[in-house]
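The structure under discussion appears below in the form of structure tokens.
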Amino acid sequence: MGTLWTACSKDEGQPGNGGEGGGQGKTKYIIASTPVASTGVADYLLTTDNITQGAISTQGNGKEQDGTYRYYITHRNRFFSLLYGQGNPGAVTTYNLNAGGELIKVSDFQSETVQVHTTMNDDIVTMKVPRSGNENALVFRIDAQKSQIAGEAQVNIVHLAGNGERAHFTWATQAGNKLFAPYMSIKGAAPDVFGTSFPDSCWVAVFSYPDLKLERVIRDNRTSYLGAYFTSGLVQTESGDLYGFSGSSATSNGTPTSTKPSAVVRIKKDATEFDKNYLFNLETASGGHRFANQTYFGNGKFLLEMYAEKGKTSGKVKFAVVDVTAQTFAWVTGTPADITSTSRLCNLVAGDDKTIYAGLTDAGGSYVYSFDATTAKATRGLKVEGGKITGIAKLTY
């Protein structure tokens, strides 16, 4: 689970980046890395001035996190480390940089263990979504400046699904003053908790903000659910349109059952339904591969992780660049041939509409790679010695 998430940080001045700016205008990069020589050890947070070259080691460096399964998000120039408590309460630890560029802890409090993490205005929104038993998902608003819970709401996920199953939120996205939350329909009962009898539909719940009242559900049946467990599948572009990504990965008793293609769908700005004139078939464009994860470059272009084996909905991945407006697809060159893990839950978006930094690990080590949206090329940069990169972020001071 430590290799899952979406873009956790963008450079200052870009929409949704959460950057407040530092007093001196200097930059530090934060690399979250799990030591490879130990088991059950939490990530270390390393800081560096440069991620395009050189090396940094986990030996004797960084701040060790308290507890394994940590997830990261950057907002308002603060770095948040959230502990996935696997059903138990989890810590929310907040860091920023002091005047000397040192990473310091500024807050630490307990919250419910959560699966969904996103930004909304000045807040971080988190969701605890029960997969069985309790029928209510908990939604929390965390004030990013005060690092404390500012409000919460409950959503009855059985009533929301309305089909005898449970609505299980995959992620959430801000669109204007609304919170859009795609969900998958799951049985929620052993032995097939994450299976579904409705594999060929996708849903997006729309909530008001900040009171978090359900306003409507937007549905479509041309592809399966958007995103996946711990995977963001809905992004708003600069035009105001929302693009949804489906891996067509719905299952029943562990077997993929969706008859629909892995595809991109669209909700136009201020619309209350999916655009029936738009469908970008990723399986056709890629020659049979399915979507695994996305990070947004900007200007309509995305970096996609696609499952490396045709027709599969799990396993190793390779990368592609797509333009959702022009509906173009290009495989990325320059990445390792046999990637064992990525920093997919916490890549760094540079904010220039063409560069994303991601951590890739293979048998040769763990490196930061820069991805170019224009050339669809990846370039190897900083090496993390003794560790596996799980996240990359940036703060100013």
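When a residue number appears, it is its place in the shown sequence, counting from 1. Quantities reported herein were computed from a predicted structural model and do not represent experimental measurements.
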Checking T355 now: which residues fulfil side-chain hydrogen bond (donor to acceptor under 3.5 Å, both in side chains) with it, not counting sequence neighbours? D352
Just checking K312: does its NZ atom have more than 12 heavy atoms from other residues, nucleotides or ligands closer to it than 6.0 angstrom? no
Using modelled atom types and a 3.5 Å cut-off, is there a donor and acceptor pairing between side-chain atoms of H289 and backbone atoms of Y307? yes
With sequence neighbours left out, the residues meeting side-chain contact (heavy atoms from CB on, under 4.5 Å) with V235 are Q294, Y296, F302
Is any side-chain heavy atom of T328 closer than 4.5 Å to one of V322? no
Contacts of K269 that satisfy salt bridge (Lys or Arg N to Asp or Glu O under 4.0 Å) - sequence neighbours left out: none
Donor-acceptor pair, S33 side chain versus Y44 backbone, under 3.5 Å? no
State whether the side chain of S286 and the backbone N or O of L282 hold a donor-acceptor pair below 3.5 Å, judged by distance alone. yes
Could you work out, with side-chain contact (heavy atoms from CB on, under 4.5 Å) as the rule, every residue matching D362, not counting sequence neighbours? P336
Salt bridge check: are D49 and K26 linked by an N-O gap of less than 4.0 Å? no
Below 4.5 Å, heavy atoms only, C-beta onward: do T119 and V125 meet side chain to side chain? no
Could you pull out the closest heavy-atom pair between S147 and T94, with the gap in Å? OG-OG1, 3.1 Å
For S343 and N347, does a side-chain donor sit closer than 3.5 Å to a side-chain acceptor? yes
Under-4.0 Å salt bridge between K213 and D211: no
Measuring from atom CG of D200 to atom OG1 of T259, what distance do you get when rounded to the nearest 0.5 angstrom? 3.5 Å
By ring-ring contact (aromatic ring centres under 6.0 Å, His included), H168 pairs with (sequence neighbours left out) F194, Y229
For the residue pair T390 and C346, establish whether any side-chain heavy-atom pair is separated by less than 4.5 Å. no
Run the side chain to side chain donor-acceptor pair (under 3.5 Å) test on T93 and S81 for me, step by step, so that the C-alpha distance in whole Å, both residues' side-chain angles and the decisive distance to 0.1 Å come before the verdict. CA-CA 5 Å; T93 309; S81 172; 5.1 Å; no
Derivation of the side-chain contact (heavy atoms from CB on, under 4.5 Å) call for F371 and F297: CA-CA 9 Å; F371 290 82; F297 282 106; 4.2 Å; yes
Would you say S370's side chain and Y357's backbone share a donor-acceptor pair under 3.5 angstrom? no
Under a single-linkage rule joining Ile, Leu, Val, Met, Phe, Trp and Tyr whose side-chain heavy atoms are separated by less than 4.5 Å, which residues share a cluster with L279? F180, V204, V206, I218, L226, L234, L242, V265, I267, F274
Minimum heavy-atom separation for T74 and A393, please, with both atom names. OG1-CB, 3.6 Å
Taking the side chain as every heavy atom from C-beta outward, state whether L304 and F245 have any pair of such atoms under 4.5 Å apart. yes
Close side-chain approach of I142 to D123, heavy-atom, < 4.5 Å: no
Is it the case that the side chains of S246 and S224 hold a donor-acceptor pair, with the cut-off being a distance below 3.5 Å and no angle test? no
Quick one: does Q174's side chain have a donor or acceptor within less than 3.5 Å of a partner on N121's backbone? yes
Listed by chain and number, what are the side-chain contact (heavy atoms from CB on, under 4.5 Å) partners of R380, not counting sequence neighbours? Y367, Y369
Interatomic distance, OG1@T223 vs CG@N281, rounded to 0.5 Å, equals 8.5 Å
Contacts satisfying side chain to side chain donor-acceptor pair (under 3.5 Å) that involve residues 182-196 (not counting sequence neighbours) are N163-S185, E165-S185, E165-T196, K187-D192, K187-S252
Would you check if there is a donor-acceptor pair between the side chains of E238 and N299 at a distance under 3.5 Å? no
Side chains of F140 and L212 in contact at under 4.5 Å (non-hydrogen atoms): no
With side chains defined as the heavy atoms from C-beta onward, is the minimum distance between L382 and T48 less than 4.5 Å? yes
Following the transitive rule for hydrophobic clusters with a side-chain heavy-atom cut-off under 4.5 Å over Ile, Leu, Val, Met, Phe, Trp and Tyr, establish whether V317 and V332 coincide in one cluster. no
Does F207 share a hydrophobic cluster with M120, counting links as ILVMFWY side-chain heavy atoms below 4.5 Å and allowing steps through other members? yes
Near K28 NZ, under 6.0 Å, is it more than 12 heavy atoms from other residues, nucleotides or ligands? yes
Would V155 and W203 show up in the same hydrophobic cluster when neighbours are defined by side-chain heavy atoms closer than 4.5 Å? yes
With Y225, which residues qualify under ring-ring contact (aromatic ring centres under 6.0 Å, His included), at least two apart? none
Between the side chain of N77 and the main-chain N/O of T396, is any donor-acceptor distance below 3.5 Å? yes
If only atom types and distance count, is the side chain of E152 paired as donor or acceptor with the main-chain N or O of V139 below 3.5 Å? no
Should K178 and E215 count as an ion pair when the cut-off is N to O under 4.0 Å? yes
Under the ring-ring contact (aromatic ring centres under 6.0 Å, His included) test against Y243, which residue among Y278, F280, F291 passes? Y278
If only side-chain N and O atoms count, and only distance matters, is there a donor-acceptor pair under 3.5 Å linking S201 with N221? no
Taking only distance into account, with no hydrogens and no angle test, what donor-acceptor pairs under 3.5 Å do side-chain atoms of residues 95-107 form with protein atoms, sequence neighbours excluded?
| residue | atom | partner | partner atom | Å |
| --- | --- | --- | --- | --- |
| Y95 | OH | Q65 | NE2 | 3.2 |
| N98 | OD1 | G100 | N | 2.9 |
| N98 | OD1 | G101 | N | 3.1 |
| N98 | OD1 | E102 | N | 2.8 |
| N98 | ND2 | E102 | OE1 | 3.3 |

Quick one about T255 and N253 (side-chain donor to acceptor, distance below 3.5 Å, no hydrogens or angles considered), yes or no? no
Under 3.5 Å, is there a donor-acceptor pair between the side chain of S248 and the main chain of K260? yes
Would you please name every residue forming a side-chain hydrogen bond (donor to acceptor under 3.5 Å, both in side chains) with N136, sequence neighbours left out? Q154
Other hydrophobic cluster members with V158, side-chain heavy atoms of Ile/Leu/Val/Met/Phe/Trp/Tyr under 4.5 Å, chained? none
From L82 atom CG to R70 atom CZ, the distance as rounded to the nearest 0.5 Å: 7.5 Å
Nearest 0.5 Å, please: how far is CG in N293 from CG in L303? 9.0 Å
Do the non-hydrogen side-chain atoms of N61 and T58 ever get within less than 4.5 Å of each other? no
T340 side chain to T361 backbone, donor-acceptor under 3.5 Å: yes
To the closest 0.5 Å, what do you measure between NZ (K388) and OG (S366)? 8.5 Å
Distance in Å, I73 CD1 paired with R78 CZ, rounded so as to fall on 0.5 Å steps: 14.5 Å
Should we count NZ of K63 as having more than 12 external heavy atoms under 6.0 Å? yes
Just checking, any donor-acceptor pair under 3.5 angstrom between side chains of S249 and T313? no
Kindly say whether Y29 contributes a backbone atom to a donor-acceptor pair with the side chain of T47 at under 3.5 angstrom? no
